[in-house]
Amino acid sequence: MAPFQLEKAYDPKAVETRWSHEWLARGYFHASPEQPGQPYCIVIPPPNVTGSLHVGHALNHSLQDILIRWRRMQGRNTLWLPGTDHAGIATQNVVEKQLMAEGLSRESLGRERFVERVWQWKATSGNTILNQQKQLGESCDWGRLRFTMDEGLSKAVIEVFVRLYEDGLIYRGERLINWCPRCLTALSDIEVEHEEVNGKLYTIPYPLDEDPSQHLVVATTRPETMLGDTAVAVHPEDPRYNNLIGKRVRLPLTNRTIPIVGDAILVDRTFGTGAVKITPAHDFNDFEAGERHKLNRIRMLDIHANLLNESELSLATKAMPETVAALAGLSTQKARPKIEQLLADQQALAKVESHKMSIGKCYRCKTVVEPYLSIQWFVRIQPLAEPAIKAVEDRRIRIVPESWVNNYLGWMRDIKDWCISRQIWWGHQIPAWYCEQCSGGFLRSKHDNRPLIDLDVKPIVAKSKPEKCSHCGSTNLVRDPDVLDTWFSSALWPFSTLGWPEQTQELKTYYPTSTLVTGLDILFFWVARMIMMGLKFMGDVPFKDVYIHALVRDAEGQKMSKSKGNVIDPLHVMDQFGTDALRFTLASMASPGRDIKLAEERIEGYRNFANKIWNAARFALMYLDGPRTALPPGQRTFPDRWILSRLGRTIHAVTTELESYRFDRAATVLYQFIWHEYCDWYLELVKPVLQTPEHPDGASARHTLVETLETTMRLLHPFMPFITEEIWQTIPHQGDTIVVQNYPVADPAWAAPDAEQHFGLLEQTVGLVRTGRVLLNYPPGQQIPFYVGHDDLNRQNQLNQLQRHLAHLSRGTAEVSLTHDWPAARLLRLVAEGLSVGIAVAEDVDLKKAIDRLTKQITETDKELHRVDAKLKNAEFASKAPPEVIAEHQDRVRALSRDRALLANSERQLRAMLVT
RNA sequence: GGGCGGAUAGCUCAGUUGGAAGAGCGCUGCCCUUACAAGGCAGAGGUCACAGGUUCAAUCCCUGUUCCGCCUACCA
């Protein structure tokens, strides 16, 4: 017996550290266009540079690595392209927080120094997540690491911006946009998270100008914006009010009158009072209504979402002096109760009711966003969206699971222009310049000194700063201070990372990429936009498949968040249970269409799985010394033929499941095969052979033992890369690494249906014996005389073999004999495929317990029999059921009846023994 | 408001051309048997959310209801 070459328990840490370094050092993950094989490429969803690996990444990256390692082993020219995202607002916020801690601010530093500072920060801590990714075993081609703000990608961004501008698909406009009063920047529609809150609905009578004793009563949830009202709308067909259209009301708290307009779009007659105040500068609907009715837009909030200061507020709103004095400079939150009080004092508040409403929050800092009137850059999205819709409709892009297709299409068909300018400093600055000469000079923002450029100043959009103004020749050109939405550069990711706008070999080889793996939270942010940009600039889809996986939640189904303290840190888990265990857990839980509720116990379970594999390998290593020959399948023994047949099925199943992105089922199949077939049964079946020196079946057993293990390691490798590599290196193998070995393909010669059938028989029989042993309280070590009856003498050989295994699996303490006279023995049970197994009852068993059990079983069998019989009668009577189904039912009834008879017989006999 | 998904064992979830209800974890009992106690064996535990319909037959197909998620939206 060879000494163990492996430790008794698997210690993941040492193995993982060693291999993650070794793989990189040996360059196994490097891909190049020259390599043979059909290309397979995944671009990673670039994590934020600010980030560290959270469990969402761990899921996302594990699934990608499974695909990548699998395809690499299949011989594809496989590239997994890694990178990070500059994450404009998020990163800027992080660095700003640091500055704040130092008593500094970005304004005090100035733009240039601030951006420098961010780069500096990126240089020192931007690699955190990359190292963590390597720890997870990700087989990226790290030599191709890209960053959304590196030189090449920035070039691509500029190129795209200029081309879109030249095509008329980018424009500058004054619009109401979502404004984050904390980040002080515009946001796109999807960067706003909606949340339902309990608000109030205020009902306020506005007196008619011609007769102040009459009122038009409006309802609003935001009374503080009423100072900015420029009209009241009613439904043109509302008999209560339509005679008022064209008249004016006096706006409370101000010295203004405003018109009453009819607007069927804005007004829902059944809601509130049926009359709506219109505040075009501070509400999206009102803005549009204002356009329709050519209303003034009174802006009464500043960039911090505070009411303007006294002089500005007074000028803008014509509010009463005491109103201005009370409200000027207040935040909207503070202004609301104040204005409620002012109205109440004047008996100008009809009622206040509670009301459910939804508010928008900044997705980066959770501050309530404010609709804000400002000049921004937009992408005219409709012309880009149409081909992107088509690509999914005609399945040039396959979305998995399909249920997301409608979601995607719905969103795309209803898409609005994309606001791409951000008033921050960290990002790709917009390549547009303005001539200060032509425009007669720019005002500067009090807040951060940025130039305020009117809409009528025409921008010069170019790849680099123009020498001079083409109109007046001035060299006094000022660059647009805004930067682009982070998602603008992400949208180019599948081709910008491959070298675009240069026509590189990489681009030719790997574009379109094969699969995109992503969470559904960025389907619109990222996936949709990549499709649009890819089609526009590459003329082809950016990827063929989009696999959308679920969100990871905690064991209670709560979203993980630091504030709730329910975060599972993947690094901690990897440290505790091993990386392979975490990866396998995530894969096994990645069922489509359901969120993942992750509990540590699950990971622990798969840690045990890793240990099981480890020990199976140890076992195999013990018996490798004897001769191993390559044997034709015909000479293999029954257990060997059985396990190879099962292996073949497993290989087929795993491959099929991976092809349809069913990571969960692939994982289950592997787990089942390795633990419950290879370990529980196969190893036990060959154990007596291996442990007997010079056993005639020894060579076959040793050969199959290792062959199966080696193949299984390759099959499992994409899921559990570390332990499989370590074991594979220890057992006989050819090659330097498992990473680039062939992925197993089932050998048709392995198929052995007869062996599988025989195994079924064995399994059932052994099960019966074991049940009987427990039921009758046979202590371990005590002999169990049991009898195997059979009604087919031609099966003698099979039976002999069965006996051998049976004897062993019953711990070698059983005495087996054949009998045709089994009712004469005191039998307990039962039947399996024409074989009957009986166990003789020992002297000292608890008969009462056994009888109770039997009685219960008889009752259950009766119930079942009744049910099946009813079904059968029904089917026969109607004579519509297929004959084979009726036959099945008949068989079933027969089998149940026989079972019942045997059980009853056994029960009777035991009762008889009880009496004596 | 609209759309999508879910409801199956104590927990987490599988379960497709409708035809005898499954796994993991947990729990109970017995075993430290020389690969593994991070283990082995056995066992308990289900009106497949509710109500109808189609069918010889429904966890599965159809309709409605309830309860959870999620996405989306301009009901002041």
Side-chain angles (χ1 to χ4, degrees), chain A residues 1 4 6 8-10 190 194 201-202 218-222 233 265-268 270-273 275-279 283-289 355 357-358 401 403-404 406-407 410-411 414 520-521 523-524 550-551 553 555 557 577 588-589 591 593-599 601-602 604-623 664-665 668 671-672 676 679-680 683-684 687 691 767 770-775 777-781 811-813 853 864 867-868 871-882 884-886 888-889 892 895-896:
Chain A
M1 190 187 289
F4 286 124
L6 302 176
K8 191 166 175 179
Y10 175 56
I190 51 175
H194 291 91
L201 186 64
Y202 301 82
V218 304
T220 179
T221 54
R222 299 196 61 188
I265 299 173
L266 182 67
V267 180
D268 171 1
T270 63
F271 185 87
T273 59
V276 188
K277 71 190 205 55
I278 302 182
T279 322
D283 182 279
F284 288 103
N285 289 322
D286 294 5
F287 179 83
E288 281 170 25
H355 176 67
M357 53 193 264
S358 84
S403 51
W404 288 102
N406 283 335
N407 227 310
W411 188 75
D414 198 29
L520 54 92
D521 48 333
L523 181 63
F524 303 136
L551 237 57
R553 298 167 176 279
F577 300 118
S588 73
M589 298 181 85
S591 303
R594 215 189 262 249
D595 281 345
I596 296 177
K597 295 183 191 169
L598 187 64
E601 296 82 66
R602 304 305 303 272
E604 191 179 353
Y606 289 114
R607 185 272 313 263
N608 297 352
F609 178 50
N611 197 50
K612 188 77 180 175
I613 298 168
W614 185 254
N615 279 292
R618 289 177 72 230
F619 176 81
L621 283 171
M622 286 169 67
Y623 299 106
D664 57 330
R665 292 210 285 218
T668 307
Y671 185 94
Q672 203 66 27
H676 296 306
C679 293
D680 283 354
L683 295 186
E684 296 301 333
K687 201 179 266 182
Q691 287 173 345
R770 284 171 174 171
T771 305
R773 166 205 273 283
V774 170
L775 194 62
N777 298 329
Y778 275 93
R811 306 282 172 232
T813 59
R853 262 288 300 263
E864 179 70 11
R867 246 179 53 205
V868 177
K871 266 185 167 182
L872 179 62
K873 291 268 153 51
N874 209 343
E876 279 175 342
F877 180 72
S879 70
K880 270 188 191 172
E884 63 272 19
V885 170
I886 292 183
E888 269 177 41
H889 284 164
R892 175 82 178 132
L896 281 169

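Note on naming: letters A, B, ... go to the chains in the order of the sequence lines (proteins, then strands), and numbering restarts at 1 for each one.
- Under the Watson-Crick or G-U wobble criterion, with both distances below 3.5 Å, B:rA38 has no partner in any strand shown.
- Nucleic acid contact class of A:Phe271 (heavy atoms, under 4.0 Å, all strands): base.
- One interatomic measurement links the two molecules: CG of A:Leu598 to C1' of B:rC25, which rounds to 13 Å at whole-angstrom precision.
- Taking every side-chain heavy atom of A:Asn615 into account, B:rA35 is the closest of B:rA35, B:rC75, B:rA76.
- Ring-centre distance between A:Tyr606 and A:Phe577: not below the 6.0 Å cut-off.
- Under the Watson-Crick or G-U wobble criterion, with both distances below 3.5 Å, B:rG43 is paired with B:rC27.
- No contact: A:Val868 has no heavy atom under 4.0 Å from any strand.
- Scanning both residues, A:Ile596 and A:Met589, for their nearest heavy atoms gives CG1-O, 3.4 Å.
- Taking atom CG on A:Leu520 and atom P on B:rC4, their separation rounds to 16 Å, with Å as the unit.
- Side-chain proximity of A:Ser358 to the nucleotides B:rA35, B:rA57, B:rA73 is greatest for B:rA73.
- At a cut-off of 3.5 angstrom, the base of B:rA38 holds at least one donor-acceptor pair with the side chain of A:Arg607.
- Using a 4.0 Å heavy-atom cutoff across all strands shown, A:Leu266 reaches at least one base atom of the nucleic acid.
- Residue-level contact check: A:Arg665 touches the backbone only, with heavy atoms under 4.0 Å from sugar-phosphate atoms and none from bases.
- Protein atom CD of A:Glu864 is 14 Å distant from nucleotide atom C1' of B:rG46, rounded to whole Å.
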For the pair A:Lys873 and A:Glu876, evaluate salt bridge (Lys or Arg N to Asp or Glu O under 4.0 Å) and give the outcome as yes or no after the intermediate values.
CA-CA 5 Å; A:Lys873 291 268 153 51; A:Glu876 279 175 342; 6.0 Å; no
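- Contacts of A:Phe524 with the nucleic acid, taken as non-hydrogen atoms under 4.0 Å apart, involve only primed sugar atoms and P, OP1 or OP2.
- Here A:Lys277 lies out of heavy-atom contact (under 4.0 Å) with every strand.
- Distance check on atom P: B:rU34 versus B:rG29 gives 24 Å, rounded to whole Å.
- Rounded to whole Å, the separation between the P atoms of B:rC4 and B:rG46 comes to 35 Å.
- If you take NE2 of A:His676 and C1' of B:rC25, they are 12 Å apart, rounded to a whole angstrom.
- For the P atoms, the distance from B:rA23 to B:rG45 is 14 Å, rounded to whole Å.
- Closest to the A:Arg602 side chain, of the nucleotides B:rU12, B:rG5, B:rA35, is B:rU12.
- If you measure from atom CZ of A:Phe619 to atom P of B:rU34, you get 13 Å, rounded to the nearest angstrom.
- Residue A:Asn407 is in sugar-phosphate contact alone, with no base atom involved, counting any heavy-atom pair closer than 4.0 Å across all strands shown.
- Counting to the nearest Å, the P atom of B:rG40 and the CD atom of A:Glu684 are 10 Å from each other.
- Between A:Asn608 and B:rG39 there is a side-chain N or O to OP1 or OP2 distance below 4.0 Å.
- Of the candidates B:rA37, B:rU12, B:rG19, the closest approach to any side-chain atom of A:Glu888 belongs to B:rG19.
- Residue A:Lys8 places no side-chain atom within donor-acceptor reach of the base of B:rC36, judged by atom type and a 3.5 Å distance cut-off alone.
- A distance of 10.0 Å separates CG of A:Leu896 from CZ of A:Arg867, quoted to the nearest 0.5 Å.
- One can place CH2 of A:Trp404 at 9 Å from P of B:rU72, the figure rounded to the nearest angstrom.
- Comparing B:rC75, B:rC36, B:rA76 against the side chain of A:Val267 picks out B:rA76 as the nearest.
- One finds the CG atom of A:Asp283 at 7.5 Å from the CZ atom of A:Arg222 (value rounded to the nearest 0.5 Å).
- Summarising the base pairing, B:rU54 is matched to no nucleotide, lacking a Watson-Crick or G-U wobble pair whose two defining distances lie under 3.5 Å.
- Across all non-hydrogen atoms, the minimal contact from A:Asn611 to A:Tyr10 is OD1-N, 3.0 Å.
- Residue contacts shown for A:Tyr671 are limited to sugar-phosphate atoms, with no base heavy atom under 4.0 Å away.
- Here the shortest heavy-atom pairing between A:Val868 and A:His889 reads CG1-O, 4.0 Å.
- Using a 4.0 Å heavy-atom distance criterion, A:Ser591 is classed as a sugar-phosphate-only contact.
- Contact annotation: A:Arg867 reaches the phosphate of B:rA21 (side-chain N/O to OP1 or OP2, under 4.0 Å).
- With both ends at atom C1', the span from B:rU28 to B:rU65 equals 39 Å, rounded to whole Å.
- Side-chain proximity of A:Ala9 to B:rG19, B:rC36, B:rA38: nearest is B:rA38.
- Of the residues near RNA chain B, A:Asn874 and A:Asn406, the one whose nearest nucleotide (by heavy atom distance) lies more toward the 5' end is A:Asn406.
- When the side-chain nitrogen and oxygen atoms of A:His889 are compared with OP1 and OP2 of B:rA57, none of them lie within a distance under 4.0 Å.
- For the atom pair CD1 (A:Ile613) and OH (A:Tyr671), the distance works out to 9.5 Å, reported to the nearest 0.5 Å.
- With C1' as the reference atom, B:rU59 and B:rG26 are 24 Å apart, rounded to whole Å.
- A 3.5 Å limit on both hydrogen-bonding distances identifies B:rG22 as the Watson-Crick or G-U partner of B:rC13.
- Taking 4.0 angstrom as the limit, A:Lys687 places a side-chain polar atom (N or O) nearer than this to OP1 or OP2 of B:rA35.
- Rounded to whole angstrom, the span from the NZ atom of A:Lys612 across to the C1' atom of B:rC25 amounts to 16 Å.
- With a cut-off of 3.5 Å on both Watson-Crick or G-U wobble distances, the partner of B:rU65 is given as B:rA49.
- The partner of B:rC60, taking Watson-Crick or G-U wobble pairs whose two distances both stay under 3.5 Å, does not exist in any strand shown.
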